[in-house]
Amino acid sequence: MTAPLPPAHFAGNPVEIARNLLGGTLVRQVPDHENRVGIRLTGTIVEVEAYDCPRDPACTAGRFHAARSADMAIPPGTWLFWTAHGHPLLQVACRPEGVSASVLIRAIQPLEGLGQMLTFRPVTRERDLTNGPAKLVYALGLDPARISGRPVNAPELHLLPPPAPLPDEMVEVTARVGIREGRTLPWRFTVRGNPWVSPAAPSMDLALSPAE
DNA sequence: ACTTCGATGCTCT
DNA sequence: GAGCATCGAAGTA
């Protein structure tokens, strides 16, 4: 039984942390007051992205970063939500407090509690349940107001590391999705060939050499 | 108070 | 693959 990743695990480079999160497990415990037994919703992490201010143009560019400058006070290993187009996106703050950087969880493959997830987020095609950053937030029934600011190892929502780091040949490295600046940075990591990876196309071709 | 923007998702062709 | 609804936050006034 592996222990949840502690907040200290996220006090580093979000690019490395994101890469090593692939194959891990996102665990959501839903309190069930009737049975006094928590319902467990879990999924394997199959897609993540890294954001790393201030060297990251996607993060620093224009008002994009300034808009969330308040996030810079958040200590590493804290759950937080980005809002884009009215949808909440789940991420974990990284690096030391005072530096804005994060890992964005973009897709999971459901493991436990698929039926419960479908009640939170009814879909016709099962594969559409959690194959997007906001989709998984809805499918897990996460309330941003309740989760945001909580430590990443909180009982109600935490992460388990992969049994072993995924070998490089299983990891596909591409450009991040849906951004204007920083399109060439190879900071999106997906499990190669996994059908639960989001359908969104990466924003552009990669830089010749990965940035650190 | 009003305007603009976006790390998205959904519903059509 | 294109169009649009969505909503929280910043900037402007």
Side-chain angles (χ1 to χ4, degrees), chain A residues 10 13-15 17-19 21-22 26 43 45-74 76 78-95 99-110 117-149 152 172-190 195-207 210-211:
Chain A
F10 295 87
N13 184 343
V15 179
I17 295 170
R19 158 67 176 82
L21 216 47
L22 274 190
L26 180 62
I45 297 171
V46 297
E47 177 175 354
V48 292
E49 284 181 1
Y51 288 81
D52 194 16
C53 304
R55 65 170 170 152
D56 182 357
C59 207
T60 55
R63 53 204 292 182
F64 187 59
H65 174 244
R68 271 77 180 185
S69 54
D71 291 348
M72 295 179 73
I74 295 179
T78 304
W79 290 117
L80 54 97
F81 288 83
W82 183 271
T83 302
H85 298 89
H87 300 289
L89 315 179
L90 178 66
Q91 36 182 331
V92 186
C94 294
R95 293 206 178 277
V99 178
S100 185
S102 64
V103 167
L104 167 66
I105 301 176
R106 286 192 55 91
I108 63 174
Q109 174 173 5
M117 292 187 203
L118 284 167
T119 66
F120 283 128
R121 178 179 148 79
V123 289
T124 49
R125 290 191 319 168
E126 202 169 89
R127 63 181 309 177
D128 292 330
L129 182 59
T130 54
N131 63 348
K135 295 177 183 177
L136 69 91
V137 170
Y138 296 136
L140 294 177
L142 298 180
D143 178 3
R146 284 188 51 83
I147 300 293
S148 187
V152 73
E172 190 162 11
V173 184
T174 53
R176 291 169 296 179
V177 173
I179 56 173
R180 299 168 65 91
E181 308 289 333
R183 305 173 154 201
T184 60
L185 293 173
W187 288 356
R188 176 183 184 235
F189 304 95
T190 56
W196 293 87
V197 166
S198 82
S203 50
M204 208 185 225
D205 289 332
L206 302 178

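Below, chains carry the letters A, B, ... as their sequence lines are ordered, and counting in each starts from 1. Computed from a predicted structure; not experimentally measured.
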**Message:** Keeping A:S198 on the side-chain end and A:A107 on the backbone end, is there a donor-acceptor pair under 3.5 Å?
**Reply:** no
**Request:** Please list all pairs passing the salt bridge (charged side-chain N to carboxylate O under 4.0 Å, His left out) test where one or both residues lie in residues 118-128 of chain A, with sequence neighbours left out.
**Result:** A:R125-A:D128
**Request:** Would you mind reading off the distance between A:I179 atom CD1 and B:dT8 atom C1', rounded to a whole angstrom?
**Result:** 14 Å
**Message:** Rounding to an integer number of Å, can you tell me how far A:H87 NE2 sits from C:dG8 P?
**Reply:** 12 Å
**Message:** If stacking means aromatic ring centre less than 5.5 angstrom from the base's six-membered ring centre, planes under 30°, is A:H85 stacked on B:dT8?
**Reply:** yes
**Distance in angstrom units between A:F81 CZ and C:dA9 C1', rounded** = 17 Å
**Request:** Figure out the CH2/C1' separation between A:W82 and B:dG9, and round it to whole Å.
**Result:** 18 Å
**Request:** Taking the side chain as every heavy atom from C-beta outward, state whether A:L26 and A:L140 have any pair of such atoms under 4.5 Å apart.
**Result:** yes
**Request:** Compare all side-chain heavy atoms of A:W79 with those of A:P144 and state whether any distance is below 4.5 angstrom.
**Result:** no
**Request:** Compare every heavy atom of A:Q91 with every heavy atom of A:L104, then report the nearest pair and how far apart it is.
**Result:** CA-CB, 4.0 Å
**Asked** Over how many whole Å does the gap from A:L89 atom CG to C:dC7 atom P extend?
**Response** 14 Å
**Message:** Give the residues of residues 133-147 of chain A touching DNA chain B, defined as any heavy atom closer than 4.0 Å, sorted by residue number.
**Reply:** A:P133, A:A134, A:K135
**Prompt:** Counting a pair only when it is Watson-Crick or G-U and both distances are under 3.5 Å, which runs of at least 3 such pairs involve DNA chain B?
**Reply:** B:1-6 with C:7-12, B:8-12 with C:1-5
**Minimum heavy-atom distance between A:N131 and A:P199, given as atom pair plus value** = O-CD, 3.4 Å
**Asked** What heavy-atom pair brings A:R188 and A:V197 nearest, and what distance separates the two atoms?
**Response** NH2-CG1, 4.0 Å
**Asked** In whole angstroms, how far is the P atom of B:dT8 from the CG atom of A:N131?
**Response** 13 Å
**Message:** Measure CZ/A:R125 against P/B:dC10 and give the value in whole Å, please.
**Reply:** 11 Å
**Euclidean distance, atom CD of residue A:Q91 to atom P of B:dT8 [Å, nearest integer]** = 11 Å
**Message:** If you assign A:G86 and A:R121 each to the DNA chain B nucleotide with the nearest heavy atom, which residue ends up on the more 5' nucleotide?
**Reply:** A:G86
**Message:** Check whether A:R176 reaches the backbone of A:G182 with its side chain - one donor and one acceptor, N or O, closer than 3.5 Å.
**Reply:** yes
**Prompt:** Do A:E49 side-chain atoms and A:R106 backbone N/O form a donor-acceptor pair below 3.5 Å?
**Reply:** no
